[in-house]
Participant: 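Just passing along the structure, written as structure tokens.
Throughout, a chain's letter reflects where its sequence line sits, starting with A, and its residues are numbered from 1. Just so it is clear, the model here is predicted, and its values are computed rather than measured.
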There are 2 protein chains.
Amino acid sequence: MTREGLVMASDSRTNAGYDQINVCRKMHTFVQEGERVFVLMSSGNLSIAQSVITMLRQQFDSGLGLASAETMYDASRVIGEMVRRVAAIDAAALKRDNMKFNINIVVGGQIRGESPALYIIYPQGNPLRATKDTCFLQIGDAKYGKPILDRGINFGKTSLQEAAKYAILSMDATIRSNVTVGPPIDMLIYRTNALTVTDQRRFTENDPCLTEIHGQWEQGLRSIVAELPDIDFKSEKPSYYTPRPHRARSQAELDLTQ
Amino acid sequence: MTREGLVMASDSRTNAGYDQINVCRKMHTFVQEGERVFVLMSSGNLSIAQSVITMLRQQFDSGLGLASAETMYDASRVIGEMVRRVAAIDAAALKRDNMKFNINIVVGGQIRGESPALYIIYPQGNPLRATKDTCFLQIGDAKYGKPILDRGINFGKTSLQEAAKYAILSMDATIRSNVTVGPPIDMLIYRTNALTVTDQRRFTENDPCLTEIHGQWEQGLRSIVAELPDIDFKSEKPSYYTPRPHRARSQAELDLTQ
């Protein structure tokens, strides 16, 4: 989330164990043009996510839920309430088999008359809002892709195009290390006050744009590192442990310390 | 680990809960000049690590253990055996209070007549060796700092100075996000066949070299991103979900789906 709007990005890999991997879109839109836009992304149990999205769509089609929430905060509560309804249906059966009721949802969007906002909805249904200080939110395996966002994203300064590139680089870092994260990458840019979806793309594995970004990035990193000042090891005298024979003990004594 | 030798780096923050944080060196050397060098780094329970290191030193002083291992593989087994001895002393009492016997050790070094080698010793005592394909090993909270190593480190191509800079950048990424990882950073460069320690440094929080690397790095990243090609969103038509009124249901019907 930046001053100009929102960048949303999700991968498409789902798995039920390492030996059962599929492709599934994790980004879902809810739009009333000129009135309201919500973009939801989910991580965790796909079955739970599908139930939440399906029931939110039923409400939406009836003019309820996300269709009638007055504020983005209310919308986050609508989603949280739906997570709790699905928990009421499924959590006990999952727990019986030692499985966690695991779903996290990120929702970004705007309701006419308000600023855009970005929330996480936790598996317990409670929402957390992104702020100017902490302006990006991640769900799923977030650690690999966080440092590049930490270094690059600034609410007041980063343009949406720049933010989109950082999001791609963050995903790229994660895809490399976590086999449960994979392409295609769905990306959506929401410009403040657009109140509709204008910029949306799916990047497949061999997308030329992705390949170019990946290549230029790795080459660029290496050239920055090459230009960093050398580390001076001459200013400190090495100190290391060599055997202290006066402290020698017999094997019998050593055995006693075990 | 590169063709030229080894770069070892460790942070110094230890904690027993978020409200009890201390500084402690996690890098330990064992040297017989001209004969053998071992550099150990540990993560996990500090008490366990201290016991392992203390008992390895006692052995070493007696000409046993790391002092007499014939190969780096044997040395990794010496350390693993010591982890198991400490487990025999402490693991049951920890388990009684639902605490894990948690220690991982990285050991890098060289024994005269062999190439340098790098191992992880797991909490169960079994070793894993770094290879040319997977030439770096991490312990502790490894995810934040992995992408930069993935992109930068190549066994055959990366110089030790470059590898040292990548190690600093990897630590820097982790320190930013994980409050249980913090300075000073201890760093040691081992050059193949040196069979002693020559290049060793401790970087404190405000070390001018660290500050310069950090600053140049963040600036460099932003300039690479600025030069990346813009993402083209015009080639794909947006598709989004708007209400489907013909599917509208009454609130009573909706309640039934819950």
Participant: Sort B:L66 into side chain, backbone, both or neither according to what part of it lies under 4.5 angstrom from a heavy atom of chain A.
Facilitator: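 Interface part for B:L66: neither.
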Participant: Given that the side chain runs from C-beta out, which part of A:M82 has a heavy atom under 4.5 Å from chain B: side chain, backbone, both or neither?
Facilitator: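 Contact with chain B is absent: no heavy atom of A:M82 under 4.5 Å.
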Participant: Is chain A contacted by the side chain of B:E33, its backbone, both, or neither, given a heavy-atom distance below 4.5 Å?
Facilitator: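 For B:E33, side-chain heavy atoms alone lie under 4.5 Å from chain A.
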Participant: Using heavy-atom distances under 4.5 Å, tell me whether A:D141 contacts chain B through its side chain, its backbone, both, or neither.
Facilitator: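 Only the side chain of A:D141 comes within 4.5 Å of chain B.
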Participant: Relative to chain A, which segment of B:T198 carries a heavy atom at a distance below 4.5 Å: side chain, backbone, both, or neither?
Facilitator: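 Only the backbone of B:T198 comes within 4.5 Å of chain A.
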Participant: With a 4.5 angstrom heavy-atom cut-off, is it the side chain or the backbone of A:T242 that approaches chain B, or both, or neither?
Facilitator: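 A:T242 touches chain B through backbone and side-chain heavy atoms alike.
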Participant: Under 4.5 Å heavy-atom distance to chain B, tell me which part of A:T196 shows up: side chain, backbone, both or neither.
Facilitator: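 It is the side chain, since no backbone atom gets that close.
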Participant: Please state whether the side chain, the backbone, both or neither of B:L210 comes within less than 4.5 Å of a heavy atom of chain A.
Facilitator: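 Looking at B:L210, nothing touches chain A.
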Participant: Hey, could you give me the CZ/CZ distance between A:R222 and B:R151, rounded to the nearest 0.5 Å?
Facilitator: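 Between atom CZ of A:R222 and atom CZ of B:R151 there are 10.0 Å.
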Participant: Non-hydrogen atoms of chain A under 4.5 Å away: do they reach the side chain of B:A67, the backbone, both or neither?
Facilitator: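 Neither part.
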Participant: A:E218 versus chain B, heavy atoms under 4.5 Å apart: side chain, backbone, both or neither?
Facilitator: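 The answer is the side chain of A:E218.
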Participant: Is there a side-chain contact (heavy atoms from CB on, under 4.5 Å) between B:C209 and A:I231 once you walk through the steps?
Facilitator: CA-CA 7 Å; B:C209 176; A:I231 297 172; 4.3 Å; yes
Participant: With a 4.5 angstrom heavy-atom cut-off, could you sort out which part of A:F38 is near chain B: side chain, backbone, both or neither?
Facilitator: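 It is neither, since no heavy atom gets under 4.5 Å.
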Participant: Heavy-atom cut-off 4.5 Å, strictly under: side chain, backbone, both or neither for A:I168 against chain B?
Facilitator: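 For A:I168, the contact with chain B is made by the side chain alone.
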Participant: What part of B:K165 gets within 4.5 angstrom of chain A, counting heavy atoms only: side chain, backbone, both, or neither?
Facilitator: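 Both the backbone and the side chain of B:K165 come within 4.5 Å of chain A.
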Participant: Which bit of A:S51 comes within less than 4.5 Å of chain B, counting heavy atoms only: side chain, backbone, both or neither?
Facilitator: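 Interface part for A:S51: neither.
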